2 protein chains.
Amino acid sequence: MSTEFEWDAPTDASALDAVIEPNAVSAVVESTPVADAAASKVDLTRARLRDEVIANLAPHDPIPAERELVHRFGVSRATIRQALSRLADHGWVYRVQGSGTFVADKDLVTKSPYLTSFSEDISERGMTPGSRVLRLEHGRADDRVARELLIPVGARAVHIERLRTADGAPLCIESLWLPEWLTGENLGPELLGSLYSYFEHAGASPARAHQTIRAVSLDAAQAELLQTEAGAPALMVSRIVFDAHGRRIEASTGVYLGDRYDFQINVKRRA
Amino acid sequence: MSTEFEWDAPTDASALDAVIEPNAVSAVVESTPVADAAASKVDLTRARLRDEVIANLAPHDPIPAERELVHRFGVSRATIRQALSRLADHGWVYRVQGSGTFVADKDLVTKSPYLTSFSEDISERGMTPGSRVLRLEHGRADDRVARELLIPVGARAVHIERLRTADGAPLCIESLWLPEWLTGENLGPELLGSLYSYFEHAGASPARAHQTIRAVSLDAAQAELLQTEAGAPALMVSRIVFDAHGRRIEASTGVYLGDRYDFQINVKRRA
DNA sequence: AGCATGAATTGGTTCGAACCAATAATGGTC
DNA sequence: GACCATTATTGGTTCGAACCAATTCATGCT
């Protein structure tokens, strides 16, 4: 797990940067539960399938039948099937009714199709995430933010802008809005570490999000931040994040450099 | 269902356009099974939940408990849960453990997170898909195509380029490569109707795909086809499509106009 | 009133079983 | 050998049941 303080040497020391206190942030990070601590049978089975079965087979090899895996792993078929379904979601295996389940091409294993923070995403891609704060203040919700957070236009909300880096190079300009009921008057450093840890700490764990991906051109200011030319193509990922209670806890946009970032997904036919 | 001949008045009549014979294409379309013909219980239950339950409730209203729906619909809880899961995938409802299942905001119901053809995609967005053939020929697989279709570099493969329209306006430039074992020597009109119908007709139903989404700038030729300026931002969707047997049946890229198309997806946290 | 406690309710997980649907293997017939 | 019907195998669906985990709500105490 590399869910730690997402920070690398800032290239300049603005007033906002000075707010950061590593201690406070680590305290938040501690609350992140260690994965695999109380994993479910499905998770364990999925891990065993990947490490003990798939790892030893070549692409397009069939893996043992579900009913055999039931005996081998000592779990029910429902559990085996759930584990296989998740592996299929990630592109590890594919299933053919009447025939079997087969190892997929390893180069098409996709990063998780699940909701991740920038840090998690970049870590999964094998790079080191970093951050430089551009803005941290109470703002007034404009039309779009108000609609996305279900708050009145003009309502106060925390506005954060960060330049996100991967392996030290600028990759994304992140603009986040958080509703006031979540943050209160808080503008402390815990808003600048792993935001997803902050959410969990505040009793509003991210549960799902609605994302929209568009193509845009960088304007001059964005281009300078991302160290490229104005007009360069970029992916704009807008997301509304909901917590486990169905509340809207974040409205954000991320503008990703077109030539350094792509978005991968495995899709199935029908349902 | 509007899975019919995806065509609107071509703006010019090239030699390729002349190949089209509506009769032949309809023949292919006939083989498309009528949806809902032999729907599973899960599908029926999902439809009933959407039409009889969700439709009568406001956003954030709780829907009846799973164990009550079991009695109401006369199906097992496993079936109810499968149906609810799919509705959640589409953004119709969200679930809170220990509390209940709630109606989600209707404006965030997403088009299906499943593999669709251009025609299906555009139809779901409430527009009418169209097509103009730019190229239809046997080509030689270059590096990328060879890698994506798992065939030797330089191998013969059918290459199709189409300008796709929505409500008559250009939206996307599609470039598809099909392996020769699928098409044989065929270059007939059935390759120009609904390609997904052709796949099914050929015993190679699309089952899943691996998609990569990037941001690109349009070059001069692309811009002219899409009736915009060179340098305009666009989404490039590359996909490798697999059939139910795990065979690779299509390697394609679609370049979508940035200001007229976006890509929406609902994602969940973890698994 | 306020609060802690515990019971009831809700979705989440896991099991076992039976049957369906598609595919692959078998074996006989010509 | 080529072909076809039969059979076995495999993943897909559905059921019923029990238990777990998180939440909510009623209860009763202070």
Side-chain angles (χ1 to χ4, degrees), chain A residues 33 37-46 48-49 60-88 93-104 200 203-205 207-208 243-247 268-271, chain B residues 33 37-46 48-49 53 60-89 93-104 200 203-205 207-208 243-247 268-271:
Chain A
S40 64
K41 282 198 181 182
V42 168
D43 288 331
L44 290 173
T45 303
R46 180 177 46 160
R48 292 189 61 188
L49 281 169
H60 305 295
D61 282 352
I63 73 173
E66 294 176 357
R67 291 166 178 81
E68 193 194 322
L69 293 169
V70 166
H71 292 122
R72 184 147 148 199
F73 287 162
V75 298
S76 75
R77 199 174 153 213
T79 304
I80 291 285
R81 280 183 60 75
Q82 267 196 72
L84 285 174
S85 290
R86 291 197 192 166
L87 288 171
V93 300
Y94 61 92
R95 305 158 103 172
V96 180
Q97 182 174 5
S99 180
T101 300
F102 303 86
V103 177
E200 284 165 18
S205 301
R208 61 194 178 92
D243 74 356
H245 307 275
R247 302 176 299 193
K268 286 179 294 202
R269 182 67 169 164
R270 304 281 175 218
Chain B
S40 62
K41 282 198 181 182
V42 168
D43 287 331
L44 290 173
T45 303
R46 179 179 47 162
R48 292 189 62 187
L49 281 168
V53 179
H60 305 295
D61 282 353
I63 73 173
E66 294 176 357
R67 290 166 178 81
E68 192 194 322
L69 292 170
V70 166
H71 293 121
R72 185 147 148 198
F73 287 163
V75 297
S76 73
R77 197 173 157 217
T79 305
I80 292 284
R81 281 183 60 75
Q82 267 194 72
L84 286 174
S85 289
R86 291 197 193 166
L87 289 171
D89 287 340
V93 300
Y94 61 92
R95 306 159 101 172
V96 181
Q97 182 173 3
S99 181
T101 300
F102 303 86
V103 177
E200 284 165 16
S205 300
R208 62 195 176 90
D243 74 357
H245 307 275
R247 300 177 299 192
K268 287 180 294 204
R269 182 69 169 162
R270 305 279 177 220

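Chain naming here is simple, since letters A, B, ... match the order of the sequence lines and numbering starts at 1 in each. None of these values were measured; they are calculated from a predicted model.
- Looking at residues two or more places apart in sequence or on another chain, you find no ring pair (Phe, Tyr, Trp, His ring centres under 6.0 Å) involving Phe73(A).
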Check: residues 94-101 of chain A side-chain donor-acceptor pairs under 3.5 Å, at least two apart:
residue: Tyr94(A); atom: OH; partner: His60(A); partner atom: ND1; Å: 3.0
residue: Arg95(A); atom: NH1; partner: Ser85(A); partner atom: OG; Å: 3.0
residue: Arg95(A); atom: NH2; partner: Glu66(A); partner atom: OE2; Å: 3.1

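- With sequence neighbours left out, Pro64(B) forms a side chain to side chain contact (heavy atoms under 4.5 Å, CB included) with Val53(B), Glu68(B), Leu69(B), Arg72(B).
- Each of dC15(D), dT24(D), dT14(C) was ranked by its minimum atom distance to the side chain of Ser99(B); first place goes to dT24(D).
- Legend: residues meeting side chain to side chain contact (heavy atoms under 4.5 Å, CB included) with Gln82(A), ordered by chain and number and at least two apart, are Val42(A), Arg86(A).
- Of the residues in residues 64-72 of chain B, those with a non-hydrogen atom less than 4.0 angstrom from any atom of DNA chain D are Arg67(B).
- Toward the 5′ end of DNA chain C lies the nearest nucleotide of Val96(B), the other residue of the pair Val96(B) and Ala244(B) mapping further downstream.
- In this structure, Arg208(A) has no salt bridge (Lys or Arg N to Asp or Glu O under 4.0 Å) partners at least two apart in sequence or on a different chain.
- Contact annotation: Ser40(A) does not reach the phosphate of dT13(C) (side-chain N/O to OP1 or OP2, under 4.0 Å).
- Considering only residues two or more places apart in sequence or on other chains, Val70(B) meets the side chain to side chain contact (heavy atoms under 4.5 Å, CB included) condition with Arg77(B), Ile80(B).
- The 5' end of DNA chain D is approached more closely, in terms of each residue's nearest nucleotide, by Lys41(B) than by the other of His245(A) and Lys41(B).
- Nearest approach of Leu84(A) to Val93(A), heavy atoms of both residues: O-CG2, 4.0 Å.
- Whole-Å rounding puts the Gln97(B) CD to dT10(C) P distance at 14 Å.
- Rounded to whole angstrom, the span from the OH atom of Tyr94(B) across to the P atom of dT23(D) amounts to 14 Å.
- Remark: Ser205(B) pairs with Glu200(B) by the side chain to side chain contact (heavy atoms under 4.5 Å, CB included) rule, at least two apart or across chains.
- Rounded to an integer number of Å, the gap from Phe102(A) CZ to dG11(D) P is 8 Å.
- DNA chain C lies under 4.0 Å from at least one heavy atom of each of the following residues of residues 73-84 of chain B: Arg77(B), Arg81(B).
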